[in-house]
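A short worksheet on the structure shown next.
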Number of protein chains: 4
Amino acid sequence: MLSQSLMDAGRFFFSRGWVPATSSNFSVRLDEERALLTVSGRHKGKLTEEDFLRVAIDSGFSLDVGKRPSAETLLHTQIYVREPDVGCVLHTHSMPATVLSRLTEGVLLLEGYELAKAFPGVDSHEASLSIPVFANDQDIPRLAAAVDAWINRHGLPVGYLIEGHGLYTWGATVDDAVRHVEALEFMLECELWLRRVG
Amino acid sequence: MLSQSLMDAGRFFFSRGWVPATSSNFSVRLDEERALLTVSGRHKGKLTEEDFLRVAIDSGFSLDVGKRPSAETLLHTQIYVREPDVGCVLHTHSMPATVLSRLTEGVLLLEGYELAKAFPGVDSHEASLSIPVFANDQDIPRLAAAVDAWINRHGLPVGYLIEGHGLYTWGATVDDAVRHVEALEFMLECELWLRRVG
Amino acid sequence: MLSQSLMDAGRFFFSRGWVPATSSNFSVRLDEERALLTVSGRHKGKLTEEDFLRVAIDSGFSLDVGKRPSAETLLHTQIYVREPDVGCVLHTHSMPATVLSRLTEGVLLLEGYELAKAFPGVDSHEASLSIPVFANDQDIPRLAAAVDAWINRHGLPVGYLIEGHGLYTWGATVDDAVRHVEALEFMLECELWLRRVG
Amino acid sequence: MLSQSLMDAGRFFFSRGWVPATSSNFSVRLDEERALLTVSGRHKGKLTEEDFLRVAIDSGFSLDVGKRPSAETLLHTQIYVREPDVGCVLHTHSMPATVLSRLTEGVLLLEGYELAKAFPGVDSHEASLSIPVFANDQDIPRLAAAVDAWINRHGLPVGYLIEGHGLYTWGATVDDAVRHVEALEFMLECELWLRRVG
């Protein structure tokens, strides 16, 4: 069950400290028109069945009476709109993502990592993953437009960072997206240490 | 049950290493006149029903025969006295709180964090959270007076630090206070890293 | 059961963050001619019985129809070929291994560690463990040849690092190999900190 | 049961990464003449009933046929001999203890920590805890003599470090000793960070 796999993902992320204090949000595509999204304000490490709602992909509007979707719904639905193969979008809020996003302007380059091969189409550690860093913005439509503009120009990245706010990534399935979170969070942690020791 | 939620909070904090070696203390408001507080000297990560006692909010005196309240009871009751909406006060003792409180004089500014929105009334990452840092003091009434004086002057902060001693924060409910601990401990950890890499 | 001990090892390594996102791989010698290896692409922290296959030690070829061995099979079988006493080879992919392997050319020297005594034949902290660091290479036969050449010249190390890719180590039994992973990962973590504080 | 409390202590320390790879050792006083000690070579995070043996406090000799005590038995028994009130001696092997012991000559001073109050007789954060650092030595009687000489000169510390080897501490009961480990490991971790940020 899709909500169950998001609940499990949340528990795993929580055990790592990646979803502190009602931050973060998760979604999964239900069909061409609808997605299941975490309700705003719930602790993503302790999700239950009541903590999800369905939204319309084209508008981001709630389809479940009385449930308020995450303020960041557009950041999920915009990916489902533009990428028909994406089935799950995950936003985590770890310390490395938060810190590195504040220290990096424009694009964070992840190079020389064997773990880059966790992403489809990447078959060598010589690959360079470009992770765009967007300024944080409480005006979500404006932030989503900045993300759209970047992707139109540079193609779909494996994920992106929002300054002081964390990581967005996705995959064809929940399993794939969770793997991408784990790979990116790992590489971000390595980057932090490379900057301090190297 | 209120003691149960404090026991659960303690287990969570213990799993993160935030309540080492009988440090820390927790309380919850029972009514206008009484609070439930952790007994001095018990390990806050392994609390049982016997590890709580009731105190009078106005005096800090124990209402349970034979049980000694935390030496820091006044730091809890002073918040209940001044803030009728506060229902829970939590003191944790993490490494980031301990280290940063020793490296910071006066006030620690937390800026640029999306997670600032975990606090009521904060709706933007552009908010700046001022966390006062008080010198440690075994004379608790004197320390409590310093806290009172600061709040009278600057208004209620989201929490404060005691040098080499940790973090105090609060919330309307135990859930809120736990979320505030998690958010502050996260931002303190980010600050430590920002100082070392940035 | 040998697969069970590899599954348990994987769970332990996962709890430490040493086997992120389908990285890593484990094997155990079945007899002179065959080894049991983890299937490519499975998450090594959540292995089940279906995630193993048997390979021929001399060729690295799969003996189980429909199951694809790890791309790195040769890095396991080459050790079984040259070292008859080795019964288990483990590859983990931790942050310290990944970062240090990128900061070190040639050989990483671990000196002054009491924990060096975790390895057979080492009875003093004055021992110096030489951990070769090989450049990463998607051409595994070529990488295996580089490992063979180094061992021919310098003798069998306690383990080796692949740049940006992690650690390989081994032991007579699964227990021994797991102990060697734990000891090396510990010393690598110490090295990271020594470089940043010392 | 005393062995049970040592097994539980081992599990807790293991969960923190403080007892890697068959390092560390624990003991508890049985009576004036005998102590219970962990057997050499067992993983201290996964102890069972079979992993303990009794030793004579005055000689350090095993009282259980076929079981070999830790090479470091003297470091335990010497404390029981000199301090009649000590009922438990614990040796852990954490990264902070290992790293700091290599960066510090003579004595590590822990000052300004509220958590110093975890130790009997300390009632203020203004206390300064002097933690001697001894050079590592495979000749345990010689190392024990160095410890004895220091204590004769300076009095009993709250614990001591052995270079590249870890921490020894003790308490009246297992609970006390575990609390002392937790407090010291916490302060050592703080020290590491203070040296890197402050």
Side-chain angles (χ1 to χ4, degrees), chain C residues 5 8-9 11-18 90 92 94-96 100 109-129 158-159 167 169 171-198, chain D residues 11 13-25 40-46 70-72 75 91-105 108 133-140 142-143 161-168 188-198:
Chain C
S5 46
D8 293 343
R11 275 176 188 72
F12 165 47
F13 298 155
F14 181 42
S15 76
R16 294 294 174 88
W18 298 343
L90 300 175
T92 50
S94 72
M95 180 277 291
L100 278 171
L109 271 182
L110 298 174
E111 298 177 300
Y113 290 100
E114 175 74 15
L115 209 51
K117 289 163 63 182
F119 294 93
V122 179
D123 57 6
S124 164
H125 60 284
E126 285 162 357
S128 179
L129 300 178
V158 294
L167 169 74
T169 187
T173 65
V174 175
D175 264 6
D176 289 344
V178 169
R179 181 180 73 242
H180 298 162
V181 168
E182 197 181 3
L184 282 167
E185 291 289 2
F186 175 86
M187 288 185 283
L188 293 177
E189 189 189 7
C190 290
E191 279 295 306
L192 255 194
W193 280 85
L194 278 169
R195 288 180 188 222
R196 279 190 13 273
V197 190
Chain D
R11 274 176 189 72
F13 298 153
F14 181 43
S15 76
R16 293 293 173 90
W18 298 342
V19 292
T22 73
S23 69
S24 313
N25 38 68
S40 183
R42 307 295 164 88
H43 197 293
K44 309 311 179 299
K46 306 184 239 185
S70 166
E72 291 159 38
L75 299 179
H91 163 46
T92 50
H93 198 119
S94 72
M95 180 277 290
T98 301
V99 169
L100 277 171
S101 62
R102 291 183 57 161
L103 296 176
T104 312
E105 289 241 19
L108 177 69
V133 184
F134 299 101
N136 200 1
D137 195 338
Q138 297 306 314
D139 181 332
I140 295 299
R142 189 167 59 189
L143 178 49
L161 291 167
I162 305 175
E163 196 181 338
H165 189 166
L167 169 74
Y168 266 82
L188 292 177
E189 189 188 7
C190 290
E191 279 295 307
L192 255 195
W193 280 85
L194 279 170
R195 289 177 187 224
R196 278 191 11 274
V197 190

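So that the names make sense, note that chain A is the first sequence line, chain B the second, and so on, each numbered from 1.
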Enter the distance from [X]:[atom1] to [Y]:[atom2] here, rounded to the nearest 0.5 Å.
X	Y	atom1	atom2	result
C/Ser124	D/Asp139	OG	CG	11.5 Å
C/Glu191	D/Met95	CD	CE	12.0 Å
C/Leu115	D/His93	CG	NE2	4.5 Å

Considering only heavy atoms and a distance below 4.5 Å, find which of [options] pairs most often with chain C.
options	answer
D/Leu100, D/Thr22, D/Leu192	D/Leu192
D/Gly164, D/Ser15, D/Ala21	D/Ala21
D/Glu163, D/His165, D/His43	D/His165

> Side chain, backbone, both or neither: which part of C/Asp175 has a heavy atom under 4.5 Å from chain D?
Replying inline: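 The answer is neither part of C/Asp175.
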>> Between C/Phe12 and chain D, with a heavy-atom cut-off of 4.5 Å, which part of the residue counts as in contact: side chain, backbone, both or neither?
In response: side chain
> Does D/Ile162 reach the side chain of C/Glu114, with side-chain heavy atoms less than 4.5 Å apart?
Replying inline: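 No, every pair of side-chain atoms sits at 4.5 Å or beyond.
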>> Parallel, tilted or perpendicular, judged at 30° and 60°: which one describes the rings of C/Trp193 and D/Trp193?
In response: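 Answer is perpendicular, since the angle exceeds 60°.
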>> Can you tell me which of C/Ala116, C/Gly112, C/Ala118 forms the most heavy-atom pairs within a distance under 4.5 Å of chain D?
In response: C/Gly112
Heavy-atom pair with the smallest gap, counting every atom of [X] and [Y]:
X	Y	value
C/Glu182	D/Val19	OE2-O, 4.3 Å
D/Pro20	C/Phe186	CG-CD1, 3.6 Å
D/Asp137	C/His125	N-CE1, 3.8 Å

